[in-house]
Amino acid sequence: MTDKKENMLEKITSLAKRRGFVFPSSEIYGGMQAIYDYGHYGTLLKNNIRDAWWKHMVQCRDDVVGLDSAIFMHPTTWVASGHVGGFNDPQVDCRKCKSRFRADHILEEFGISADKAPLEELNAHLDKLREEGKLKCANCGSTDLTPAKIFSLMVKSNIGSPTDELKEENVVYLRPETCGGIYLEYKNTIDSLHIKLPFGIAQVGKAFRNEIVARQFIFRTREFEQMEMQYFLHPDIMKEKYDMWKDTRWKWYLEYGMKKEELRWYKHEKLAHYASEAYDVEYNFKTLGGFKEVEGIHARGDWDLSQHSKYSGVDLSYFDEKTGEKFTPHIMETSVGLNRLVLMFIDHSYVEEEVNGETRVVLKFDKRLAPVKVAILPLSKKEELTKPAREIYEKLRQLFMVEYDETQSIGKRYRRQDEIGTPYCVTVDFETLNDKAVTVRDRDTMKQERIAIDKLEEYLKGKLV
Ligand code: ATP
């Protein structure tokens, strides 16, 4: 099992680098742990996933509006939210090789569920494993591991002129989640758009956490993007709306090609004091060897607005003109990691097939998510073929992300397009000069169809839009 998982992680990490999806950040300087850069295809894939989320969460809804709030926020934001002092993970260090692990993740490996458990409970479990001789460093095998201690996830920065650098009041945090900005802009959103409850505010943006990470590729990183939606409502309709959003989000995954059996709901039993319900969507990662969280759906009560109202002194209550009731809205949130979805969709789409005794690697993305939709491949570099091929390319690129490639053998070019998940390859051959038609190859079936050039645009639109 572990070998299979390591093997898949290795394969996908190396494909991602080789084909320009994801690179380790600052590699020429030796890299930065748990920080990654997105290459051309990774950026396209990530943008397509983001757009698919936005379309579903904002564009096609009457009750959700958008926001793009700043990463730097007033330091009091994170005091009010409980992050300063309270946003921690339990850390265990190997005294020999200095590797760092999350205590709850070590316990998970032994089938002990200790997510958000108090330190004493974690250490009691670790002590027991230590006594039984089972507690070993996953990196070097040493048994010399420290007890669990608390480690803050907040990433500090500073703002102001260089001479102000050391002043405590200039310490700001890089936001650990994007929803903080949504709470702070709730009032401006209502005042500017005159929107009525219930409604949601959605945003996509970067978040930063000083994570303790061990070999999880882009699943858990220190800089990442979240796509969050906070839905403001009267508490009486929380259950109804919670179920509606749970259902809506589940269907989104299925719509973009995920299989029911690859996904499951995880119900949180230990809830934050203000929360009434919390479920996660989990995906069964081949690369990580099991089900892991991709999205959280949480009923958060009125905690967020009450806290920001209390700390800012600004009244954030809502007056319902119909009922005459004044109350602090409750919040239902959906929160998903964009980078985690990139890994999920690559993991899900990765297929190895035997074709004529050779292994074909294909990323069978949903066509809407595929980084490149069509590749134009002239069979020869002779101008009589490259000229019409370029003309087709120039026309189609106005509509879709299209690539033109005249290098190497056609087999190698197909292989490359399969590995980046391009749904259609269009070859321009010498026959094209006579019949004014091209061959369109389908990524998944590898079937080829002859299509007239003047019908090509319509044909591809029918398949891709
Ligand atoms: P975990 O238990 O995995 O640490 P969490 O419960 O702290 O996650 P939330 O704070 O609920 O996560 O964040 C919502 C979503 O943001 C997660 O479901 C995940 O998809 C994403 N996310 C959180 N932390 C990271 C990270 N370090 N790297 C990438 N994505 C992340």
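Indexing begins at 1, ligand by ligand and atom by atom, following the structure's order. Quantities reported herein were computed from a predicted structural model and do not represent experimental measurements.
- Ligand 1 lies out of reach of Met227, whose nearest heavy atom is not under 4.0 Å from it.
- In this structure, the protein non-hydrogen atom closest to atom 24 (N) of ligand 1 is Arg209 NH1, 3.3 Å.
- Of the N and O atoms on the side chains of Asp304 and Tyr274, not one donor lies less than 3.5 Å from an acceptor on the other residue.
- Ranking protein heavy atoms by distance to atom 28 (N) of ligand 1, first place goes to Thr221 N, 3.0 Å.
- Every atom of ligand 1 is numbered from 1 in the order shown, and the set under 4.0 Å from a heavy atom of Glu211 is 24 (N), 26 (C), 27 (N).
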Evaluation steps, ring pair (Phe, Tyr, Trp, His ring centres under 6.0 Å), between Phe219 and Phe217: CA-CA 6 Å; Phe219 177 80; Phe217 190 34; over 10 Å; no

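- Contact record, Thr287 with Leu9: O-CB, 3.6 Å, taken as the closest heavy-atom pair.
- Residue contacts with ligand 1 for Lys292 are absent, since no atom lies close enough (heavy atoms, distance under 4.0 Å).
- For atom 3 (O) of ligand 1, the closest heavy atom belonging to the protein is Arg220 NH2, 3.1 Å.
- Note that CG of Leu343 and CZ of Arg220 are 12.0 Å apart. Values are rounded to the nearest 0.5 Å.
- For the residues His268, Arg340, Glu295, the heavy atom positioned nearest atom 19 (C) of ligand 1 is part of Arg340.
- For the pair Ile218 and ligand 1, the shortest N or O to N or O distance does not fall below 3.5 Å.
- Any N or O atom pair closer than 3.5 Å counts here, and Glu177 shares no such pair with ligand 1.
- Ile195 CD1 to Asp63 CG: the interatomic distance, rounded to the nearest 0.5 Å, is 7.5 Å.
- When heavy-atom distances to ligand 1 are checked against a 4.0 Å cut-off, Val294 comes that close only through its backbone atoms N, CA, C and O.
- At least one N or O atom of Gln226 sits closer than 3.5 Å to an N or O atom of ligand 1.
- Of the protein's non-hydrogen atoms, Ser335 OG, 2.9 Å is the one closest to atom 14 (C) of ligand 1.
- Each of the atoms 4 (O) of ligand 1 lies under 4.0 Å from some heavy atom of Arg102.
- Checking only distances, Phe224 never comes within under 3.5 Å of ligand 1, N or O to N or O.
- For atom 29 (C) of ligand 1, the nearest protein heavy atom (residue, atom name, distance) is Phe219 O, 3.2 Å.
- Summary of contacts: the protein heavy atom closest to atom 6 (O) of ligand 1 is Glu293 OE1, 3.4 Å.
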